[in-house]
A.B. asks: 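Once you've had a glance at the structure underneath, I'll fire off some questions.
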Amino acid sequence: MGSIEANLQQVKGRISHACVAAGRPVESVTLLAVSKTFAAESVRQAHAAGQIAFGENYVQEALDKIAALAALRPRIEWHLIGPLQSNKTRPVAETFDWVHSVDRLKIAERLAAQRPPGLPPLQICLQVNISEEASKSGLAPSDVPMVARAVAALPRERIVLRGLMAIPEPAADPALQRVPHRALRELMGAVNDRGLGLDTLSMGMSADLEAAVLEGATMVRVGTALFGRR
Ligand SMILES: *Cc1c(COP(=O)(O)O)cnc(C)c1O
């Protein structure tokens with residue numbers, strides 16, 4: 001592994017390359033740097049190298065890091081990408097910019113009710129169990145249209161439904177990696193056919209970001225390739 005700065009350039013190069021291969025503008029993909037388990041100092045280094053958006057999995061760890069880096073706001077963006085229990089929604093609604101891991105209506109309702117009126121609306125994605133693994137969290141694909149409609153009906157000054165997120169089952173073969181990403185894109189298309197106007201596909205990680213970009217990812221969540229092994 002190189003320095004965080006060198007890794008950042010390398011990952012951006014991978015994203016640009018994949019965008020060119022997909023015939024998409026490079027600016028159509030946002031890099032989310034997944035800093036879970038890494039110290040605030042690593043986030044500070046990545047931020048100094050130009051990185052804006054950071055993803056965290058564990059609420060308490062994230063809150064500590066966000067507090068330690070409070071001086072960087074508003075030039076830094078915090079995204080929750082890990083599981084969210086309903087008893088933890090309040091500090092999340094009060095602190096984060098995005099939540100990618102909303103997997104039921106009740107969580108979205110609580111986030112909307114608890115988002116402080118002075119802040120911009122919380123941006124959210126619905127997490128989908130796209131590979132339909134029994135052990136994985138996320139909505140069943142068939143439940144997504146109904147939940148998306150209900151979430152989109154919540155007060156938009158508090159919460160805005162932006163798109164879908166998935167963590168597909170890992171696959172080594174690049175062609176196989178594209179299958180669940182394609183399914184998530186098609187699911188968002190089906191939801192948008194009903195007029196919801198979603199614009200965010202949060203998919204692709206260190207090992208499969210190219211496959212995700214080829215299938216339309218607008219946000220790739222990259223940890224290991226930037227910060228090293230956890
Ligand atoms: C840890 C994590 C990532 C980053 O995975 P890497 O393989 O380290 O790039 C992305 N998304 C979610 C939801 C994660 O938990």
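Numbers here are sequence positions counted from 1. Note that this is a predicted model, so its numbers are computed, not measured. Each ligand, and each atom within it, is numbered from 1 in the order the structure gives.
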A.B. asks: Evaluate whether atom CD of E5 has more than 12 neighbouring non-hydrogen atoms of other residues, nucleotides or ligands under 6.0 angstrom away.
C.D. replies: no
A.B. asks: Can you confirm whether more than 12 heavy atoms, excluding those of Q10, are under 6.0 Å from its CD atom?
C.D. replies: no
A.B. asks: For M165, is at least one N or O under 3.5 Å away from an N or O on ligand 1?
C.D. replies: no
A.B. asks: Number the atoms of ligand 1 from 1 as they appear, then name those within less than 4.0 Å of a heavy atom of G223, with their elements.
C.D. replies: 4 (C), 6 (P), 8 (O), 9 (O)
A.B. asks: Considering heavy atoms of the protein only, find what lies nearest to atom 9 (O) of ligand 1 and give residue, atom and distance to 0.1 Å.
C.D. replies: S206 OG, 2.5 Å
A.B. asks: At a 4.0 Å threshold, what atoms of ligand 1 neighbour a non-hydrogen atom of V222?
C.D. replies: 9 (O)
A.B. asks: Indicate yes or no: does R14 engage E210 in a salt bridge with an N to O separation below 4.0 Å.
C.D. replies: yes
A.B. asks: Would you mind listing which atoms of ligand 1 come within a distance below 4.0 Å of any non-hydrogen atom of T224?
C.D. replies: 6 (P), 7 (O), 8 (O), 9 (O)
A.B. asks: Tell me: protein heavy atom nearest atom 2 (C) of ligand 1, and distance?
C.D. replies: K36 NZ, 2.5 Å
A.B. asks: Looking at atom 11 (N) of ligand 1, what's its closest protein heavy atom, distance included?
C.D. replies: R221 NE, 2.9 Å
A.B. asks: Taking only heavy atoms of I81, which atoms of ligand 1 are found under 4.0 Å from at least one of them?
C.D. replies: 11 (N), 12 (C), 13 (C), 14 (C)
A.B. asks: Are there more than 12 heavy atoms of other residues, nucleotides or ligands under 6.0 Å from atom CZ of R229?
C.D. replies: no
A.B. asks: Do me a favour and list the nearest non-hydrogen protein atom to atom 13 (C) of ligand 1 with residue, atom name and distance?
C.D. replies: I167 CD1, 3.5 Å
A.B. asks: For atom 10 (C) of ligand 1, tell me which residue out of M205, R229, R230 has the closest non-hydrogen atom.
C.D. replies: M205
A.B. asks: When you compare the side chains of E77 and H79, does any donor N or O come within less than 3.5 Å of an acceptor on the partner?
C.D. replies: yes
A.B. asks: Do N129 and E133 meet the criterion of a side-chain donor-acceptor pair at a distance under 3.5 Å?
C.D. replies: no
A.B. asks: Could you tell me how the ring of F227 sits relative to the ring of F54: parallel (under 30°), tilted (30 to 60°) or perpendicular (over 60°)?
C.D. replies: tilted
